[in-house]
Amino acid sequence: MELLLNATSPYARVCRICAIERGLAGRLRLRWVDPWADDSALLAVNPAGRVPALITDDGQGLAEALLIALHFNAHGTGPDLFPADDGSALARAGIGIGLMDAAFATVIARKHQGSESDRGLLGARRHRAIRRCLERLAVDTGEAGDKIDIGTLTVAVALDYLAFRLPEYPLADLQPNLGRWRARIAERPSFQETAFS
Ligand SMILES: N[C@@H](CCC(=O)N[C@@H](CS)C(=O)NCC(=O)O)C(=O)O
(Lines give C-alpha, C1' and ligand atoms only; values in the text may rest on other atoms or scores of the structure.)
Protein backbone atom coordinates (compact mmCIF):
# COMPACT_ATOMS: atom_id res chain seq x y z
CA MET A 1 0.00 0.00 0.00
CA GLU A 2 1.12 3.52 -0.68
CA LEU A 3 0.03 6.55 1.32
CA LEU A 4 0.38 9.96 -0.32
CA LEU A 5 0.83 12.60 2.34
CA ASN A 6 2.65 15.65 3.56
CA ALA A 7 4.35 16.15 6.91
CA THR A 8 2.03 18.78 8.34
CA SER A 9 -1.35 17.28 7.46
CA PRO A 10 -3.31 16.27 10.58
CA TYR A 11 -5.58 14.14 8.39
CA ALA A 12 -2.62 12.22 6.99
CA ARG A 13 -1.22 11.80 10.49
CA VAL A 14 -4.45 10.16 11.65
CA CYS A 15 -3.99 7.62 8.85
CA ARG A 16 -0.37 6.93 9.69
CA ILE A 17 -1.20 6.48 13.36
CA CYS A 18 -4.04 4.09 12.51
CA ALA A 19 -1.71 2.09 10.26
CA ILE A 20 0.87 1.80 13.05
CA GLU A 21 -1.75 0.87 15.65
CA ARG A 22 -3.04 -1.84 13.32
CA GLY A 23 0.45 -3.24 12.72
CA LEU A 24 0.51 -2.19 9.07
CA ALA A 25 3.45 0.24 9.09
CA GLY A 26 5.77 -2.30 7.46
CA ARG A 27 3.35 -2.75 4.55
CA LEU A 28 2.87 0.97 4.00
CA ARG A 29 5.08 3.01 1.67
CA LEU A 30 4.99 6.74 2.29
CA ARG A 31 5.01 9.04 -0.71
CA TRP A 32 5.59 12.66 0.23
CA VAL A 33 3.75 15.10 -2.02
CA ASP A 34 2.80 18.76 -2.02
CA PRO A 35 -0.98 18.93 -2.25
CA TRP A 36 -0.80 22.63 -3.12
CA ALA A 37 1.33 22.00 -6.23
CA ASP A 38 -1.23 19.94 -8.15
CA ASP A 39 1.08 16.94 -7.97
CA SER A 40 0.04 14.64 -10.81
CA ALA A 41 0.53 11.45 -8.76
CA LEU A 42 -1.81 12.80 -6.10
CA LEU A 43 -4.41 14.00 -8.61
CA ALA A 44 -4.45 10.56 -10.22
CA VAL A 45 -5.57 9.07 -6.90
CA ASN A 46 -7.60 11.96 -5.55
CA PRO A 47 -8.87 14.45 -8.13
CA ALA A 48 -9.75 16.78 -5.25
CA GLY A 49 -5.98 17.21 -4.83
CA ARG A 50 -5.92 16.61 -1.09
CA VAL A 51 -3.82 14.43 1.15
CA PRO A 52 -4.07 11.83 2.51
CA ALA A 53 -4.71 9.49 -0.39
CA LEU A 54 -4.08 5.76 -0.40
CA ILE A 55 -3.36 3.26 -3.14
CA THR A 56 -4.41 -0.09 -1.74
CA ASP A 57 -2.64 -3.40 -2.40
CA ASP A 58 -5.10 -4.13 -5.18
CA GLY A 59 -4.59 -0.73 -6.79
CA GLN A 60 -7.70 0.99 -5.54
CA GLY A 61 -7.35 4.72 -4.88
CA LEU A 62 -8.90 5.96 -1.64
CA ALA A 63 -9.35 9.52 -0.38
CA GLU A 64 -10.54 10.91 2.98
CA ALA A 65 -8.76 10.15 6.23
CA LEU A 66 -11.57 8.28 7.96
CA LEU A 67 -12.21 6.04 4.94
CA ILE A 68 -8.51 5.22 4.76
CA ALA A 69 -8.53 4.50 8.50
CA LEU A 70 -11.50 2.18 7.94
CA HIS A 71 -9.49 0.33 5.30
CA PHE A 72 -6.57 -0.11 7.70
CA ASN A 73 -8.93 -1.33 10.38
CA ALA A 74 -10.27 -3.99 8.01
CA HIS A 75 -6.78 -5.24 7.11
CA GLY A 76 -4.50 -5.08 10.11
CA THR A 77 -4.58 -6.49 13.60
CA GLY A 78 -4.54 -4.75 16.96
CA PRO A 79 -7.12 -2.59 18.71
CA ASP A 80 -10.42 -2.37 16.83
CA LEU A 81 -10.46 1.29 15.84
CA PHE A 82 -14.13 1.26 14.78
CA PRO A 83 -15.77 -0.76 17.57
CA ALA A 84 -19.33 -1.52 16.44
CA ASP A 85 -20.59 -1.66 20.02
CA ASP A 86 -19.23 1.75 21.04
CA GLY A 87 -20.94 4.65 19.29
CA SER A 88 -18.89 7.10 21.34
CA ALA A 89 -15.83 6.32 19.21
CA LEU A 90 -17.54 7.63 16.07
CA ALA A 91 -19.09 10.54 17.94
CA ARG A 92 -15.69 11.57 19.28
CA ALA A 93 -14.08 11.20 15.85
CA GLY A 94 -16.67 13.59 14.44
CA ILE A 95 -15.75 16.25 17.00
CA GLY A 96 -12.05 15.62 16.44
CA ILE A 97 -12.46 16.12 12.69
CA GLY A 98 -14.59 19.21 13.33
CA LEU A 99 -11.81 20.68 15.46
CA MET A 100 -9.22 19.71 12.85
CA ASP A 101 -11.26 21.31 10.04
CA ALA A 102 -11.70 24.58 11.95
CA ALA A 103 -8.01 24.71 12.94
CA PHE A 104 -6.74 23.77 9.48
CA ALA A 105 -9.03 26.28 7.74
CA THR A 106 -7.81 28.99 10.15
CA VAL A 107 -4.19 28.23 9.30
CA ILE A 108 -4.84 28.23 5.54
CA ALA A 109 -6.88 31.44 5.70
CA ARG A 110 -4.06 33.18 7.60
CA LYS A 111 -1.52 31.92 5.09
CA HIS A 112 -3.43 33.24 2.08
CA GLN A 113 -5.31 36.24 3.49
CA GLY A 114 -3.30 37.26 6.53
CA SER A 115 -4.31 37.39 10.17
CA GLU A 116 -7.25 39.70 9.42
CA SER A 117 -8.99 36.58 8.11
CA ASP A 118 -9.53 35.70 11.79
CA ARG A 119 -11.73 38.76 12.23
CA GLY A 120 -14.08 38.20 9.30
CA LEU A 121 -17.39 36.40 9.64
CA LEU A 122 -15.97 33.02 8.66
CA GLY A 123 -12.82 33.42 10.74
CA ALA A 124 -14.76 34.32 13.87
CA ARG A 125 -17.07 31.38 13.22
CA ARG A 126 -14.07 29.03 13.01
CA HIS A 127 -12.69 30.31 16.31
CA ARG A 128 -16.05 29.82 18.00
CA ALA A 129 -16.08 26.26 16.65
CA ILE A 130 -12.59 25.61 18.05
CA ARG A 131 -13.60 26.88 21.47
CA ARG A 132 -16.82 24.86 21.52
CA CYS A 133 -15.01 21.68 20.44
CA LEU A 134 -12.43 22.13 23.22
CA GLU A 135 -15.17 22.65 25.80
CA ARG A 136 -17.03 19.54 24.65
CA LEU A 137 -13.88 17.45 24.52
CA ALA A 138 -12.85 18.55 28.00
CA VAL A 139 -15.97 16.81 29.31
CA ASP A 140 -15.94 13.95 26.87
CA THR A 141 -12.36 12.74 27.03
CA GLY A 142 -12.69 12.08 30.75
CA GLU A 143 -15.10 9.34 29.71
CA ALA A 144 -12.75 8.11 26.97
CA GLY A 145 -9.99 7.25 29.45
CA ASP A 146 -7.23 5.27 27.78
CA LYS A 147 -9.31 3.80 24.96
CA ILE A 148 -7.57 3.53 21.61
CA ASP A 149 -10.05 3.95 18.79
CA ILE A 150 -10.75 6.25 15.88
CA GLY A 151 -12.32 8.76 18.23
CA THR A 152 -9.48 9.12 20.70
CA LEU A 153 -6.81 9.01 17.99
CA THR A 154 -8.53 11.68 15.90
CA VAL A 155 -9.09 13.96 18.88
CA ALA A 156 -5.49 13.60 20.07
CA VAL A 157 -4.16 14.47 16.59
CA ALA A 158 -6.49 17.48 16.40
CA LEU A 159 -5.20 18.71 19.78
CA ASP A 160 -1.60 18.16 18.68
CA TYR A 161 -2.29 20.11 15.50
CA LEU A 162 -3.71 22.96 17.56
CA ALA A 163 -0.55 23.05 19.68
CA PHE A 164 1.59 22.88 16.53
CA ARG A 165 -0.17 25.58 14.49
CA LEU A 166 -2.34 27.66 16.84
CA PRO A 167 -0.42 28.03 20.11
CA GLU A 168 -2.78 30.83 21.14
CA TYR A 169 -4.95 27.97 22.40
CA PRO A 170 -2.76 26.76 25.32
CA LEU A 171 -4.51 23.56 26.29
CA ALA A 172 -2.69 23.23 29.60
CA ASP A 173 -4.25 26.55 30.71
CA LEU A 174 -7.59 26.34 28.92
CA GLN A 175 -8.48 22.73 29.66
CA PRO A 176 -5.84 21.19 31.96
CA ASN A 177 -7.46 17.73 32.12
CA LEU A 178 -7.68 17.58 28.35
CA GLY A 179 -4.05 18.69 28.15
CA ARG A 180 -2.97 15.88 30.48
CA TRP A 181 -5.01 13.36 28.49
CA ARG A 182 -3.38 14.49 25.26
CA ALA A 183 0.09 14.27 26.80
CA ARG A 184 -0.59 10.67 27.87
CA ILE A 185 -1.79 9.47 24.49
CA ALA A 186 1.06 11.33 22.76
CA GLU A 187 3.52 9.00 24.52
CA ARG A 188 2.41 6.12 22.28
CA PRO A 189 4.99 5.09 19.68
CA SER A 190 2.44 5.77 16.93
CA PHE A 191 2.38 9.42 17.97
CA GLN A 192 6.11 9.70 18.62
CA GLU A 193 6.95 8.28 15.19
CA THR A 194 4.63 10.64 13.35
CA ALA A 195 5.24 13.92 15.16
CA PHE A 196 4.49 17.07 13.16
CA SER A 197 7.57 18.70 11.68
N1 LIG B 1 -11.62 15.77 4.58
C2 LIG B 1 -10.28 15.49 4.13
C3 LIG B 1 -9.42 16.73 4.37
C4 LIG B 1 -8.04 16.59 3.74
C5 LIG B 1 -7.33 17.95 3.63
O6 LIG B 1 -7.93 19.02 3.73
N7 LIG B 1 -6.00 17.87 3.39
C8 LIG B 1 -5.21 19.08 3.21
C9 LIG B 1 -3.85 18.96 3.86
S10 LIG B 1 -4.00 18.97 5.61
C11 LIG B 1 -4.96 19.28 1.74
O12 LIG B 1 -4.50 18.38 1.08
N13 LIG B 1 -5.26 20.48 1.23
C14 LIG B 1 -5.03 20.83 -0.13
C15 LIG B 1 -6.23 21.47 -0.76
O16 LIG B 1 -7.25 21.66 -0.06
O17 LIG B 1 -6.16 21.77 -1.95
C18 LIG B 1 -9.76 14.25 4.85
O19 LIG B 1 -10.30 13.89 5.90
O20 LIG B 1 -8.85 13.58 4.35
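The figures here come from the full heavy-atom set of this structure, side chains too, leaving out hydrogens, waters and symmetry mates. As the structure lists them, so they are numbered: ligands from 1, and atoms in each ligand from 1.
Legend: residues meeting side-chain contact (heavy atoms from CB on, under 4.5 Å) with T152, ordered by chain and number and at least two apart, are R92, A144, K147, D149, W181, I185.
Looking only at distances, a side-chain donor or acceptor of R13 sits under 3.5 Å from a matching main-chain atom of F191. The backbone N or O of E2 lies less than 3.5 Å from no partner atom in the side chain of R29, so there is not a single donor-acceptor pair.
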Output block, N or O contacts of ligand 1, threshold 3.5 Å exclusive:
from, atom 1, to, atom 2, distance (Å)
ligand 1, 1 (N), E64, OE1, 2.8
ligand 1, 1 (N), E64, OE2, 3.4
ligand 1, 7 (N), V51, O, 2.8
ligand 1, 12 (O), V51, N, 2.9
ligand 1, 19 (O), E64, OE1, 3.4
ligand 1, 19 (O), A65, N, 3.3
ligand 1, 20 (O), A65, N, 3.0

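Ring geometry for F164 versus F196: interplanar angle under 30°, hence parallel rather than tilted (30 to 60°).
Between the side chains of D80 and N73, at least one donor N or O lies within less than 3.5 Å of an accepting N or O.
Interatomic distance, L159 CG to L137 CG, rounded to the nearest 0.5 Å: 6.5 Å.
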